[in-house]
K.L.:
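Handing you this structure, nothing more for now.
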Amino acid sequence: MVEHKDVVLALLGASAALAGLLLVFLGLVTAAYGGLAGDDPPSVRGPLRRTALVLMADLGAGLAAVVCSTVWLTELTGGRVLYGATIVLFLVQITGLMVGTVWTLRELMWG
């Protein structure tokens with residue numbers, strides 16, 4: 001049986017790594033947004049802003065997973081709520097990474 005501590009340590013590392021990957025996508029969107037002309041209409045800027053918001057929400061889920069796992073590891077009682085929250089937030093982050101990747105590619109390549 002896998003110990004809870006091993007699961008939380010793995011999720012801590014994976015969440016932090018995926019948050020870094022999300023920053024790469026966010027950098028691509030930010031660079032594309034910054035490359036737009038100042039007089040571009042909102043219909044051109046809007047999709048990139050929405051993409052950035054999706055990526056930021058997913059980054060927030062990843063950072064929350066890092067915080068929950070860190071608190072769980074440093075807490076003396078190792079609460080079940082934090083353990084469950086760490087797992088749920090990691091699953092949200094993975095799902096958001098898939099959505100954010102597809103959304104970013106759609107906006108940058110076919111938008």
Side-chain angles (χ1 to χ4, degrees):
M1 179 164 177
V2 179
E3 296 291 325
H4 289 317
K5 181 180 178 184
D6 295 331
V7 172
V8 172
L9 283 171
L11 293 180
L12 172 62
S15 292
L18 291 177
L21 181 59
L22 283 164
L23 286 175
V24 171
F25 288 124
L26 190 57
L28 291 171
V29 172
T30 303
Y33 187 85
L36 295 174
D39 59 348
D40 282 332
S43 63
V44 173
R45 293 180 175 273
L48 290 174
R49 285 183 178 170
R50 284 188 293 278
T51 303
L53 286 175
V54 167
L55 294 172
M56 286 296 297
D58 192 28
L59 179 64
L63 294 178
V66 168
V67 168
C68 280
S69 57
T70 302
V71 170
W72 187 90
L73 287 167
T74 58
E75 188 179 81
L76 295 176
T77 59
R80 295 177 79 166
V81 172
L82 284 174
Y83 180 76
T86 298
I87 292 172
V88 168
L89 286 168
F90 178 74
L91 294 174
V92 167
Q93 183 184 20
I94 286 287
T95 304
L97 177 64
M98 182 189 68
V99 170
T101 301
V102 170
W103 194 315
T104 301
L105 287 174
R106 183 178 61 94
E107 287 303 321
L108 295 180
M109 299 190 70
W110 293 283

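Values below: all heavy atoms of this structure, side chains included; hydrogens, waters and symmetry mates excluded.
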K.L.:
How many angstroms lie between atom OG1 of T95 and atom CG of D58, to the nearest 0.5 angstrom?
P.N.:
8.5 Å
K.L.:
Would you say V2 and W72 are hydrophobically clustered, going by side-chain heavy atoms of ILVMFWY under 4.5 Å?
P.N.:
yes
K.L.:
Does R106 count as lying over the ring of W103, i.e. NZ or CZ under 6.0 Å from the six-ring centre, within 45 degrees of the axis?
P.N.:
yes
K.L.:
Between G62 and S15, which heavy-atom pair has the shortest distance, and what is it?
P.N.:
O-CB, 4.0 Å
K.L.:
Would you say the side chain of T101 lies within less than 4.5 Å of the side chain of L105, judging by non-hydrogen atoms?
P.N.:
yes
K.L.:
Distance-only, no hydrogens or angles: does the E107 side chain make a donor-acceptor pair with backbone N or O of T51 under 3.5 Å?
P.N.:
no
K.L.:
Drop me the distance from L82's CG to R80's CZ, to the nearest 0.5 angstrom.
P.N.:
12.5 Å
K.L.:
Nearest heavy-atom pair of V54 and G100: which atoms, and what distance?
P.N.:
CG1-CA, 4.2 Å
K.L.:
Linking I/L/V/M/F/W/Y whenever any side-chain heavy atoms sit under 4.5 Å apart, do L91 and L63 land together?
P.N.:
yes
K.L.:
Quick check: closest heavy atoms across A16 and V66, and the distance to 0.1 Å?
P.N.:
N-CG2, 3.8 Å
K.L.:
Supply the atom-to-atom distance L59 CG to L97 CG, rounded to the nearest 0.5 angstrom.
P.N.:
11.0 Å
K.L.:
Side-chain heavy atoms nearer than 4.5 Å, only ILVMFWY residues, links allowed to pass through others: does that put L26 and Y33 together?
P.N.:
yes
K.L.:
Is it the case that one hydrophobic cluster holds both I94 and M98, taking links as side-chain heavy atoms less than 4.5 Å apart, direct or via other members?
P.N.:
no
K.L.:
To the nearest 0.5 Å, how far apart are SG in C68 and CD1 in I87?
P.N.:
11.0 Å
K.L.:
Measure the shortest side-chain to side-chain distance between L36 and R45 over non-hydrogen atoms and say whether it is less than 4.5 angstrom.
P.N.:
yes
K.L.:
Roughly how far apart are T86 OG1 and L11 CG, rounded to 0.5 Å?
P.N.:
7.0 Å
K.L.:
Could you go step by step and tell me if V8 and T70 meet the side-chain contact (heavy atoms from CB on, under 4.5 Å) rule?
P.N.:
CA-CA 8 Å; V8 172; T70 302; over 6 Å; no
K.L.:
Judged by atom type as modelled, is there a donor-acceptor pair below 3.5 Å linking the side chain of T74 to the main-chain atoms of V71?
P.N.:
yes
K.L.:
Is there a path of hydrophobic side-chain contacts, each under 4.5 Å between heavy atoms of I, L, V, M, F, W or Y residues, that connects M56 with L23?
P.N.:
yes
K.L.:
Hey, what do you get for CZ (F25) to CG (L28), rounding to the nearest 0.5 Å?
P.N.:
7.5 Å
